[in-house]
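One structure below.
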Amino acid sequence: MFRKLSDLQKIIEKNKVKRKLALAVSQDAHSLDAVANAYNSGIIEPILIGSRPETEKLIAEKGLDFSGATFIHEANTDKAVELAVKMVHDHKADILMKGKVATPVLLKGVLNKEWGLRTGRLLSHFALFEVETYHKLIAVTDVAMNIAPNLKDKIGIINNSVDYLNKMGIAKPKVAVLGAIEMVNENMQATLDAALLSKMNQRDQIKNCIVDGPLAFDNAVSFESAKHKGIKSEVAGDTDLLLMPDIEVGNVLYKTLVFFAKANVASVILGAAAPIVLTSRSDSEESKYNSILLAALG
Ligand code: COD
């Protein structure tokens, strides 16, 4: 059972496979530190695609060591994104990472029908948290990509996340489908979806995991709370993955954990031909590094 995000490093070191990471629009002060750190730790081989003079200037200013790394000069942002996405499409890179480019521009490239990274699966965001007050790592999805997932989308989101948790060695992750309450209320769509997802899991329509819901947040993460409410559930109090009803709830929980609970987090976009690291300016240095570690598992 993983307790810390740094445990990811142990799995990667055991796998002994160095992943090639394509940084799209590499002249990005916010990602170069984390990429250098992962490079110098022997986890990835970076391919820096963007304005070479601007990238090298930042590297020099920050005193980073990129000796031996591959640089591909392309000053135009859209073209740099295209080159980076194509490298992954053509199996010349294993991870795509966002540099100094807006998220929609990168995602548009990823969804390009000719040279993008579509697989026929839904793309979804997966965040893995280390929270001091919980007894193991806990994943949260989807807090950043799918805005208002319907039942079919939620199945895709669970499958993406469960595949990844399986890769981390969690053979049968416990999935809590969240609602405001733990009872089915016909006026609350999240509770209806949760009940259906649980039944689909019991009938083996959703595999390799144990799904239960609806669960309210308290009984999903606390045995005492579940016991107090008389809930009999294999998942309650021992959740590996929290499925959010929509992006608003998910995004607020993500930021609450980071800002109020001081949680450490790693996140990736799943469902594409390769994991995508989409860190933002507000992410800590550690979180960006952890996200590269998480992507290197894919
Ligand atoms: N998985 C696979 N294919 C998708 C997905 C997905 N999640 N989303 C869209 N597509 C495909 C569609 O099948 C279609 O072919 C094409 O992409 C365009 O579809 P649209 O028009 O529905 O999608 P867009 O471009 O309007 O929106 C896609 C976004 C990811 C940009 C949109 O869902 C979005 O804005 N998400 C929230 C992003 C956000 O603000 N996050 C917060 C960051 S913290």
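The residues of the chain are indexed from 1 along the displayed sequence. We count ligands from 1, going down the list as the structure has it; atoms in each ligand are counted the same way.
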Could you go through ligand 1 and list every pair where one of its N or O atoms sits under 3.5 Å from a protein N or O, giving the atom names and the distance to one decimal?
unit_1	atom_1	unit_2	atom_2	d
ligand 1	1 (N)	L123	N	2.8
ligand 1	7 (N)	L123	O	3.0
ligand 1	7 (N)	N146	OD1	3.1
ligand 1	15 (O)	R118	NH2	2.9
ligand 1	33 (O)	M145	O	3.4
ligand 1	36 (N)	M145	O	2.9
ligand 1	41 (N)	A144	O	2.8

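Here the rule is side chain to side chain contact (heavy atoms under 4.5 Å, CB included) with F126, and of I269, L294, D142 only L294 fits it.
The shortest side-chain heavy-atom distance between K199 and L196 does not fall under the 4.5 Å cut-off.
Judged purely by atom type and a 3.5 angstrom limit, T239 has no side-chain atom pairing as donor or acceptor with the backbone of V221.
A salt bridge is absent between K4 and D7; no separation between the charged side-chain nitrogens and carboxylate oxygens falls under 4.0 Å.
Under a 4.5 Å side-chain heavy-atom cut-off, the cluster of Ile, Leu, Val, Met, Phe, Trp and Tyr residues that includes I247 is completed by I147.
Within a 6.0 Å sphere centred on NZ of K92, other residues, nucleotides and ligands contribute 12 heavy atoms or fewer.
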